[in-house]
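Report on one structure; see the data block that follows.
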Amino acid sequence: MHNTVARLNSLSAFATSTLMVLLAAIAFTSLVRPAPALDGRVDVKGLNVVMGRASPYARKEEEFVFARFDVDADVRPLFQDWNTKQVFLHLTADVVRDGKPSRTVLWDRIVRRKADGRVRIEGAKNKYSWKGGDKGFRNAQNVTLSLGYDIQPYVGILQSGVVARTSTPVDLPPVKRGVA
Amino acid sequence: MSLTSDPIAFISNKFEGPIDFVGQQRAEKLQHLVIVATAVIAFLVGFVLQRVDMVMGLFGLGSVIALAVVVPPWPAYNKHPNTWLPSLAPAPAGDASSEGALSKKTS
């Protein structure tokens with residue numbers, strides 16, 4: 001502390017350490033969040049399995065599922081906590097292929113403000129492709145769509161949950177070949 | 001040194017900002033007090049208002065205040081200068097080598 005530079009060094013180190021403790025305190029306040037009561041509904045409107053290519057010059061042709069669905073959710077209660085920066089909503093399709101479970105994200109949205117927390121889409125198409133790969137969807141059964149959320153805090157751990165699921169599993173129709 | 005003979009040392013000397021030992025202790029205690037108080041107040045105000053940006057803003061403000069209070073060499077930190085012992089009288093010519101070491105003053 002004998003000269004200006006020494007005091008500047010000491011102050012910056014102490015302020016940084018105190019800031020770390022402050023951030024830990026903020027993270028601690030939302031470590032345990034009360035289980036939120038969220039309204040939500042997910043419906044599958046239609047599934048279509050066709051042959052396609054990932055890109056115009058891709059070497060292989062594989063099965064693609066095109067889905068249409070309704071999503072109706074209200075995630076505004078998640079913003080009641082002060083330590084919520086944004087909420088990531090994702091619609092995931094769970095399917096059993098050859099006895100093994102497989103998950104794909106079909107659609108997602110980032111909710112940045114409480115006012116945008118009411119999500120309502122009808123007859124939406126999947127944002128991301130759902131591909132069959134080598135094995136395809138021949139033995140695929142029990143398609144369930146679930147709307148999950150991830151709460152991204154300002155400081156702290158990511159916490160996840162599920163808003164709604166489709167009530168009954170559906171099956172994929174057989175693949176259509178020779179579609180123009 | 002002077003501006004012409006050693007300009008870098010001259011300039012860095014202007015920014016040295018020395019303070020006496022009592023001043024140093026005061027500066028260190030003040031530094032701890034201001035920063036910890038800022039953190040506590042920032043957290044409480046932000047928590048009551050339920051806004052994280054208030055916590056960060058108040059902490060930044062408090063840090064700037066701490067910077068202004070602790071870092072510059074304020075005259076209040078130099079109110080207890082070191083008391084040096086009086087210098088010994090110069091010795092007769094024969095013992096000049098040993099006495100010279102004891103009577104050296106700091107510049």
Side-chain angles (χ1 to χ4, degrees), chain A residues 1-37 75-88 110-117 149-159, chain B residues 11-74 76-78 81-82 106:
Chain A
M1 308 297 276
H2 54 89
N3 66 18
T4 305
V5 172
R7 289 191 294 279
L8 201 60
N9 183 23
S10 172
L11 177 66
S12 70
F14 189 70
T16 305
S17 302
T18 311
L19 181 64
M20 291 294 119
V21 175
L22 184 60
L23 293 175
I26 297 173
F28 185 75
T29 61
S30 59
L31 204 63
V32 178
R33 290 174 192 253
V75 291
R76 288 177 302 177
L78 297 177
F79 285 90
Q80 260 154 22
D81 193 287
W82 73 326
N83 197 15
T84 300
K85 185 178 174 209
Q86 52 196 28
V87 171
F88 180 68
I110 298 174
V111 179
R112 290 184 179 89
R113 302 180 311 177
K114 189 174 181 174
D116 299 334
Y149 65 83
D150 293 318
I151 303 172
Q152 187 181 330
Y154 284 106
V155 199
I157 61 172
L158 195 80
Q159 294 178 349
Chain B
I11 292 167
S12 71
N13 221 38
K14 294 291 175 213
F15 287 101
E16 195 192 344
I19 57 181
D20 59 51
F21 292 120
V22 176
Q24 289 177 31
Q25 283 181 329
R26 281 199 191 141
E28 182 158 5
K29 288 209 174 76
L30 261 177
Q31 170 196 286
H32 294 152
L33 183 76
V34 174
I35 295 287
V36 172
T38 299
V40 171
I41 291 170
F43 182 79
L44 288 175
V45 171
F47 191 73
V48 164
L49 295 175
Q50 286 285 295
R51 287 176 57 173
V52 176
D53 55 352
M54 282 295 280
V55 179
M56 295 292 113
L58 284 176
F59 186 77
L61 198 69
S63 298
V64 171
I65 291 171
L67 197 82
V69 167
V70 165
V71 172
W74 298 111
Y77 289 134
N78 267 320
N82 298 322
T106 54

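Note that these values count all heavy atoms, side chains included, but never hydrogens, waters or copies made by symmetry. Order of the sequence lines sets the chain letters (A, B, ...), proteins ahead of strands, with each chain counted from 1.
- Contact annotation for B:Leu67: both backbone and side-chain heavy atoms come within less than 4.5 Å of a heavy atom of chain A.
- Using a 4.5 Å cut-off between heavy atoms, B:Phe21 does not touch chain A at all.
- From B:Asp53, atom CG reaches atom OH of A:Tyr154 across 6.5 Å, with rounding to the nearest 0.5 Å.
- Atom CD1 of residue B:Ile19 and atom NE2 of residue A:His2 lie 10.0 Å apart, to the nearest 0.5 angstrom.
- Distance alone, capped at 3.5 Å, is enough to place a donor-acceptor pair between the A:Arg7 side chain and the B:Gly17 backbone.
- Checked by atom type, the side-chain pair B:Glu28/A:Ser10 shows no donor-acceptor distance below 3.5 Å.
- Residue A:Leu23 touches chain B through its side chain alone, counting heavy-atom pairs closer than 4.5 Å.
- For chain B, no part of A:Ser12 is nearby; none of its heavy atoms comes within less than 4.5 Å.
- Contact count versus chain B (heavy atoms, under 4.5 Å) is highest, among A:Asn3, A:Thr4, A:Leu19, for A:Thr4.
- With values rounded to the nearest 0.5 angstrom, A:Met1 atom CE is found 13.5 Å from B:Arg26 atom CZ.
- Rounded to the nearest 0.5 Å, atoms NE2 (B:His32) and CZ (A:Phe14) are 4.5 Å apart.
- For the pair A:Thr18 and B:Ala39, the tightest heavy-atom approach, listed with the atom from each and the gap, is CG2-CB, 3.5 Å.
- Ranked by heavy-atom pairs under 4.5 Å with chain B, the first of A:Val5, A:Asn83, A:Leu11 is A:Leu11.
- Looking at B:Phe15, the atoms closer than 4.5 Å to chain A (heavy atoms on both sides) all sit in the backbone: N, CA, C or O.
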